[in-house]
Visitor: 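Quick one: the structure is below, questions incoming.
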Amino acid sequence: MGRGNKAYYKDLHQQAYERLTGMLALGDSKKSDKAYDREHGTDLVSSKIYMSTTYETYWKHIKYFLKWIKTEHPDCKTLKKARKYVNEWLSVRVKEGKSAWTIQTEEAALNKLYNIKKDDSDKFQAPQRKKEDIVRSRGAKERDKHFSEKKNEELVNFCRGCGFRRNVLEKLRGKDLYDRDKIEIALQQAKVNGDRKMIVACTDALKTFPDKEYFILHYNDKGGKTRIAPIVGDHVEKIVERMKNTKPDELVWRYVPNSCDVHGYRAPYATELYKQYARPVEELNYKNKIRCSDGTYKSEIYVCRGDEKGKRLDRVAVGMVSIALGHNREDTAITNYIQNL
C-alpha cells in the first residue's frame, strides 16, 4: 500500500527506528553539550546518541522489547502506547535471569527511546551490578581448558603489560608503539588536523603518566575511543622489543587464539598500574579534594561501596587507572578491574 492510502501506517519497528535514528549525533561533543545544558538549563544530552556503537547496542535491545510487545500485546500498534509496558518487560527480563548488566543496558535503551528521566517516579529500578556477579573473564571457563598460558607465555605477558581489548590486540601494528617524543609529534599533528580524539589521547598520556617512556596506541577501541596507554609490569623491555621488531604496517600478532581470554588480562594490568601510583591511604585526608574527570571535586580517598564496602583507595591512582583503561570512570575501574588490594 502507498503512503497516500489511509490504511497505511508505520509499524512499531519503523516508529522506533525513526525515533532512535533521529537521535544520532555522530561528531557532536557530549562534553560540550553537557556544559551547554548546565549553563542554559537545557537537556540536549538526553536527546542525543553520540556513538554508533551505542546506537547499535540500544537498537538491538529495543528490538527485543518490540518483539515481546507484538507477542504479548498484539493490539498495541503505536510506540506511545507501548511505553506503559516498559516496566513489565524489564521485570520479565529479571525473571528470565538476565544479568544486572544486561538489564541496565536494556533499561538505558528504553529510557533513551522514551526520554525517561532519572528522577521519574515510574522509572524501573534495575538490579544493582555487583562485583561477585561478574562472570565474564572471572574464574576458570570451559574455553580455558584449550589455552595454555605456559605455551603462550609471551602473549600472556604482552596482554598483562598493555591492558588490551581483543579488537585492538588483533589489529595492533608495529607503528602503534609510542614513546614520549612520538606522542609530542602526534599531538602537534592532531592539533593541525583538528583530530580531537588524538589530541585528548596524547594529552592524557603525557600529563597523566609523566614517568612512563613507552606507550601503546589503542586506536578505535570500545565506543570508538582512542587512547594511548603506558606499558607496565616486568616485561616492558620484551614488549617494546617485539613492537620494534615488527614493521610499521605489519600485525604484531598474526594469530590470537580464540581461547585466549584477552579481556581477562586487563585486571592484572589495572592492578599493577594502581600499585605503582597509589599513595598509602593512611597518609591521605578525607578533607583534601581533587578535581575528577567529570569536573566535580571529591575527597582524595575513594570509599568503595557494594560488595567492597568500606575499602579505601587513593582516588588519584584510581583515576589514572581509569584513563589507562579507556573508561575515565572510577567505579568501572574499581568494580571490574582493580583486584586483590
Side-chain angles (χ1 to χ4, degrees), residues 101 129-141 144 149 155-169 172 176 178 200-201 204-219 221-223 225-236 238-240 256 260-281 284 290 292-294 298 300-309 311-341:
W101 278 261
R129 299 182 294 186
K130 297 181 180 179
K131 191 170 184 176
E132 65 267 22
D133 295 332
I134 300 174
V135 294
R136 181 187 65 183
S137 301
R138 298 295 188 273
K141 301 293 186 298
D144 294 339
E149 287 195 340
L155 174 60
V156 170
N157 291 337
F158 199 91
C159 292
R160 286 174 175 268
C162 300
F164 292 108
R165 291 188 176 91
R166 175 174 283 272
N167 71 309
V168 173
L169 177 62
L172 186 71
D176 295 327
Y178 278 65
V200 172
D204 281 348
L206 292 170
K207 290 187 176 181
T208 309
F209 308 103
D211 59 323
K212 298 300 181 185
E213 181 60 30
Y214 289 105
F215 300 76
I216 293 291
L217 171 66
H218 298 249
Y219 178 74
D221 201 355
K222 182 179 179 180
K225 292 183 178 180
T226 294
R227 61 188 169 99
I228 300 178
I231 304 173
V232 302
D234 298 329
H235 305 280
V236 173
K238 291 184 178 180
I239 293 171
V240 171
V256 179
C260 175
D261 184 11
V262 177
H263 194 281
Y265 297 118
R266 281 165 61 80
Y269 172 80
T271 304
E272 171 65 24
L273 202 58
Y274 177 82
K275 288 179 178 178
Q276 287 187 20
Y277 290 107
R279 300 165 293 174
V281 176
L284 305 181
I290 62 169
C292 300
S293 59
D294 60 1
K298 299 177 182 178
E300 64 179 354
I301 297 178
Y302 184 100
V303 181
C304 298
R305 294 166 290 180
D307 57 311
E308 298 281 358
K309 186 176 181 180
K311 180 183 290 185
R312 301 185 302 161
L313 300 175
D314 178 0
R315 192 187 294 273
V316 173
V318 170
M320 296 170 75
V321 172
S322 296
I323 290 173
L325 291 173
H327 280 292
N328 295 340
R329 289 175 53 188
E330 297 170 343
D331 57 337
T332 303
I334 294 169
T335 302
N336 295 352
Y337 299 108
I338 300 176
Q339 301 176 344
N340 303 320
L341 298 178

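Side chains are part of it too, since the values below use all heavy atoms of this structure and drop only hydrogens, waters and symmetry mates. Predicted, not measured: the structure shown is a model, and the values here were computed from it.
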Visitor: Can a donor-acceptor pair be found, under 3.5 Å and without considering hydrogens, that links the side chain of Arg266 to the backbone of Gly163?
Guide: yes

Visitor: For Ile228 and Asp204, what are the C-alpha separation, side-chain angles and deciding distance, and is it a side-chain contact (heavy atoms from CB on, under 4.5 Å)?
Guide: CA-CA 8 Å; Ile228 300 178; Asp204 281 348; over 6 Å; no

Visitor: If only atom types and distance count, is the side chain of Arg165 paired as donor or acceptor with the main-chain N or O of Asp221 below 3.5 Å?
Guide: no

Visitor: If you apply the rule side-chain contact (heavy atoms from CB on, under 4.5 Å), what do you find for Tyr265 with Val156, and how did you get there?
Guide: CA-CA 8 Å; Tyr265 297 118; Val156 170; 3.5 Å; yes

Visitor: Give a yes or no on whether the ring-centroid distance for Phe164 and His218 is below 6.0 angstrom.
Guide: yes

Visitor: So, taking the atom named CG in Asn157 and the one named CG in Asp234, what distance separates them when rounded to the nearest 0.5 Å?
Guide: 8.5 Å

Visitor: So, the side chain of Tyr274 versus the backbone of Asp314: is there a donor-acceptor pair under 3.5 Å, distance only?
Guide: yes

Visitor: Can you tell which of Leu325, Val318, Ile323 makes a side-chain contact (heavy atoms from CB on, under 4.5 Å) with Val321?
Guide: Leu325

Visitor: Can you give me the closest heavy-atom contact between Ile239 and Gly161, atom names plus distance?
Guide: CD1-CA, 4.0 Å

Visitor: Is it true that, when you exclude Asp211 itself, more than 12 heavy atoms of the residues, nucleotides or ligands shown sit nearer than 6.0 Å to its CG?
Guide: yes

Visitor: Which heavy-atom pair separates Val256 from Val262 by the least distance, and what is that distance?
Guide: CG1-CG2, 4.0 Å

Visitor: Taking all heavy atoms of Val236 and all of Gly233, pick out the closest pair and write down the distance.
Guide: CG2-O, 3.5 Å

Visitor: Please report the closest heavy-atom contact between Pro230 and Lys212, naming both atoms and the distance.
Guide: CB-CG, 3.7 Å

Visitor: How far does CZ of Arg312 sit from CD1 of Ile301, to the nearest 0.5 angstrom?
Guide: 5.0 Å

Visitor: Provide the closest heavy-atom pair for Ala229 versus Tyr269 in the form atom of the first, atom of the second, distance.
Guide: CB-OH, 3.6 Å

Visitor: Taking CZ in Phe209 as the centre, count heavy atoms belonging to other residues, nucleotides or ligands within less than 6.0 Å. Is the count above 12?
Guide: yes

Visitor: Please give me the minimum heavy-atom distance between Leu273 and Met320, naming the atom from each residue.
Guide: CD2-O, 4.4 Å

Visitor: Would you compute the distance between atom CG of Leu217 and atom OH of Tyr178 and round it to the nearest 0.5 angstrom?
Guide: 4.5 Å

Visitor: Supply the atom-to-atom distance Cys159 SG to His235 NE2, rounded to the nearest 0.5 angstrom.
Guide: 12.0 Å

